[in-house]
Amino acid sequence: MQFRLPRGTQDRLPDDQPWWEYVTAVAQEQARRFGYGRIDTPVFEHAGLFQRGVGEGTDIVEKETYTFPDRSGEEITLRPEGTAPVCRAYLEHGMHNLPQPVRMHYFCPIFRYERPQAGRLRQHHQFGVEAIGDGDPSVDAEVIDLGWRFTQALGLKGLSLAVNSIGDPACRPDYLAALKDHYTPRLGEACPDCRMRYDRNPLRMLDCKRTDFACQDLVASAPRMTDLLCADCDDHFTKLRRYLDALGIPYFINPTLVRGLDYYTRTVFEILPPEEGAQSVVLGGGRYDGLIEQLGGRPTPGIGFGSGLERLILNVKRQEAAAPVESSAVDAVIVSLGDAAPAIAVRLASDLRQAGLSVVLAQPGRSLRGQMRHASALNARYTLVLGDAEVAAGAVQVKTMDSGEQRETPLDEVATALNRR
RNA sequence: GUGAGCGUGGCCAAGCGGUAAGGCGCCUGACUGUGGCUCAGGAGAUCGAGGGUUCGAAUCCCUUCGCUCACCCCA
């Protein structure tokens with residue numbers, strides 16, 4: 001075979017569609033219930049948006065981005081995450097003049113140059129949500145609630161919600177210093193990656209999963225951000241937990257939960273399915289109070305999440321949480337025999353379609369048996385048989401496939417007959 | 001980017017050095033106009049690609065591409 005899918009991409013075949021329709025319908029309904037309107041942004045943006053917004057030092061921007069010059073030499077990047085473009089749109093369209101916070105949701109493809117494996121693709125799709133313009137912890141709770149309701153409504157069982165606070169510019173520097181002090185005397189025992197992170201991104205050391213070095217031990221005994229939050233952040237986190245308790249949403253605090261993008265402040269959270277696995281996070285997000293300002297706007301708080309549709313579907317299938325919607329059966333297949341019938345069949349099909357029915361023509365050259373088999377294989381509700389006798393009578397045999405009943409019906413009455421049943 | 005396993009017709013899958021089983025699906029036929037069951041037949045792969053070893057390779061070796069899993073990262 002000469003051409004194959006580019007690595008890490010996949011075709012969504014007709015049989016896959018019911019799953020996508022199901023997940024997006026559930027997402028849309030939850031977005032509607034929470035008052036989050038839809039926004040669509042371009043698939044590509046100026047490269048600078050993500051360099052500035054997501055952070056130069058992050059893996060995503062540093063080595064996972066699809067960036068290239070267009071024909072004018074402009075550096076273009078295929079959207080590697082959903083938040084920065086929405087914030088750009090918020091600024092560009094003066095949404096600070098709307099009632100705050102501005103609540104939006106989106107569905108979009110995401111591109112990251114990664115090594116693909118199950119649940120991790122180079123092009124994947126996210127359902128995302130952003131609430132921009134209000135820093136109150138009640139908004140954090142609302143967004144988490146929306147994410148939780150969404151995944152619950154999909155029918156997924158055994159999900160867990162992890163939350164954490166990673167502080168803000170007022171307290172994080174002090175925490176980072178404390179964290180480094182903790183590592184300094186035993187830095188030689190940490191893995192090479194953590195030794196690198198020590199300088200470049202200490203927070204990420206908490207995320208280390210290696211067991212062949214002292215990392216796990218170091219992480220377990222490390223100071224916790226939640227113990228060193230400044231008064232404002234601590235208050236924020238306390239209120240958030242109160243709201244979550246009031247909502248009755250089960251959660252646990254994971255003090256080692258950090259996010260890979262630079263713009264996060266205070267609240268971060270993830271929803272995980274019960275099965276263990278590397279690519280398990282099904283929904284993740286957090287607060288990004290500094291992002292809008294980084295993009296050139298006035299200081300504006302925001303919070304949101306992204307949720308990977310492919311991973312969600314993977315889990316829905318694995319748990320058999322929802323049966324795929326009945327495969328798209330057609331209303332009628334038209335079977336024609338003889339010389340005159342095919343032309344009349346074509347016209348009949350056209351008329352029925354205009355009456356709102358889904359109609360497929362069986363191949364006229366095939367035997368009656370063959371055409372009937374085809375109708376059966378397509379799961380048709382009715383088969384319309386049109387042969388010389390019917391042509392002469394100006395009628396068609398309408399066969400109900402389930403019952404096998406068949407009756408002759410005048411051509412001009414077929415549409416109403418089928419619509420009625 | 002690192003490591004490991006795998007790659008046979010549309011799908012699943014035998015064969016593991018002598019020149020490609022089987023199943024599903026598809027098509028045809030079984031009183032010349034009636035399907036879903038059954039039966040019979042048919043089309044369809046040179047074994048991911050390229051190179052090498054050998055008298056001979058899907059079966060051994062190398063390279064490459066892809067898939068899967070773990071690391072990493074994240075949705």
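Values below: every heavy atom of this structure, side chains too, minus hydrogens, waters and symmetry copies.
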Of the listed nucleotides [options], the one nearest the side chain of [X]:
{"X": "A/Arg115", "options": "B/C69, B/C73, B/U2", "result": "B/U2"}
{"X": "A/Glu390", "options": "B/A75, B/G33, B/C73", "result": "B/G33"}
{"X": "A/Arg120", "options": "B/C71, B/U34, B/C74", "result": "B/C71"}
{"X": "A/Val281", "options": "B/C74, B/G33, B/C67", "result": "B/C74"}

Query raised in the report: Do A/Tyr288 and A/Gln294 have side-chain atoms, one donor and one acceptor, less than 3.5 Å apart?
Result: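 Result is no, nothing qualifies.
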
Query raised in the report: Do A/Asn254 and A/Thr256 have side-chain atoms, one donor and one acceptor, less than 3.5 Å apart?
Result: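 Result is yes, a qualifying pair exists.
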
Query - Interface residues of residues 362-376 of chain A with RNA chain B (non-hydrogen, below 4.0 angstrom) - result: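 By residue number: A/Arg366, A/Ser367, A/Leu368, A/Arg369, A/Met372, A/Arg373, A/Ser376.
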
Query raised in the report: Do A/His105 and A/Phe107 have ring centroids that are under 6.0 Å from one another?
Result: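 That pair passes the under 6.0 Å test.
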
What nucleic acid atoms does [X] come within less than 4.0 Å of, heavy atoms only: base, sugar-phosphate, or nothing?
{"X": "A/Ala380", "value": "nothing"}
{"X": "A/Gly8", "value": "sugar-phosphate"}
{"X": "A/Leu121", "value": "base"}
{"X": "A/Gln10", "value": "nothing"}
{"X": "A/Gly404", "value": "base"}
{"X": "A/Gln406", "value": "base"}

When the [atom1] atoms of [N] and [M] are considered, how many whole Å apart are they?
{"N": "B/C11", "M": "B/G3", "atom1": "P", "value": "30 Å"}
{"N": "B/C67", "M": "B/G33", "atom1": "P", "value": "49 Å"}
{"N": "B/C26", "M": "B/G50", "atom1": "C1'", "value": "33 Å"}
{"N": "B/A58", "M": "B/U53", "atom1": "P", "value": "16 Å"}
{"N": "B/A45", "M": "B/U2", "atom1": "C1'", "value": "35 Å"}
{"N": "B/A13", "M": "B/C47", "atom1": "C1'", "value": "13 Å"}
{"N": "B/G44", "M": "B/C16", "atom1": "C1'", "value": "25 Å"}
{"N": "B/U54", "M": "B/A49", "atom1": "P", "value": "23 Å"}

Report task. Not counting sequence neighbours, list each pair that qualifies as a side chain to side chain donor-acceptor pair (under 3.5 Å) and has a residue in residues 358-369 of chain A. Result ->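 For residues 358-369 of chain A: A/Asp331-A/Ser358.
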
What's the [atom1]-[atom2] distance between [X] and [N], to the nearest Å?
{"X": "A/Gln397", "N": "B/G35", "atom1": "CD", "atom2": "C1'", "result": "15 Å"}
{"X": "A/Tyr113", "N": "B/G1", "atom1": "OH", "atom2": "C1'", "result": "10 Å"}
{"X": "A/Leu309", "N": "B/C74", "atom1": "CG", "atom2": "C1'", "result": "15 Å"}
{"X": "A/Arg112", "N": "B/C73", "atom1": "CZ", "atom2": "C1'", "result": "9 Å"}
{"X": "A/Glu130", "N": "B/A75", "atom1": "CD", "atom2": "P", "result": "11 Å"}

Requested in this report: Applying ring-ring contact (aromatic ring centres under 6.0 Å, His included), name anything that partners A/Phe111, two or more places apart in sequence or on another chain.
Outcome: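 ring-ring contact (aromatic ring centres under 6.0 Å, His included) check on A/Phe111 returns nothing, list empty.
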
Query - Counterpart residues, ring-ring contact (aromatic ring centres under 6.0 Å, His included), relative to A/Phe269 (two or more places apart) - result: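 For A/Phe269 there are no ring-ring contact (aromatic ring centres under 6.0 Å, His included) partners, ignoring immediate neighbours.
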
Query - CA sep, side-chain torsions, deciding dist, call: A/Asp245, A/Arg241, salt bridge (Lys or Arg N to Asp or Glu O under 4.0 Å) - result: CA-CA 6 Å; A/Asp245 291 336; A/Arg241 279 148 57 196; over 6 Å; no

Query raised in the report: Are the side chain of A/Arg195 and the backbone N or O of A/Ala190 linked by a donor-acceptor pair below 3.5 Å?
Result: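 Looks like yes, one N/O pair under 3.5 Å.
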
**Report entry** A/Arg7 side chain near B/G66 phosphate (N/O to OP1/OP2, under 4.0 Å)
**Finding:**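 Answer is yes, contact under 4.0 Å.
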
Query raised in the report: Considering only heavy atoms and no angle criterion, is a donor-acceptor pair shorter than 3.5 Å present between the side chain of A/Arg204 and the base of B/C73?
Result: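 No such pair is found, so the answer is no.
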
Query raised in the report: Do the charged groups of A/Asp217 and A/Arg186 touch, with an N to O distance under 4.0 Å?
Result: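 Salt bridge present between A/Asp217 and A/Arg186.
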
Query raised in the report: Reading RNA chain B 5' to 3', how would its secondary structure be written in dot-bracket notation, given Watson-Crick and G-U pairs with both distances under 3.5 Å, brackets [ ] for crossing pairs and | for partners on other strands?
Result: ((((((((.[[[..)..(...]]].(((((.......))))).....[[[[[..)....]]]]])))))))....

Query - Residue pairs passing the salt bridge (Lys or Arg N to Asp or Glu O under 4.0 Å) test where at least one lies in residues 39-49 of chain A, sequence neighbours excluded - result: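 Only A/Arg38-A/Asp40, A/Glu45-A/Arg88 qualify under salt bridge (Lys or Arg N to Asp or Glu O under 4.0 Å).
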
Query raised in the report: Start at the 5' end of RNA chain B and walk down; is the nucleotide closest to A/Thr9 or to A/Arg197 reached first?
Result: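 So the residue in question is A/Thr9.
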
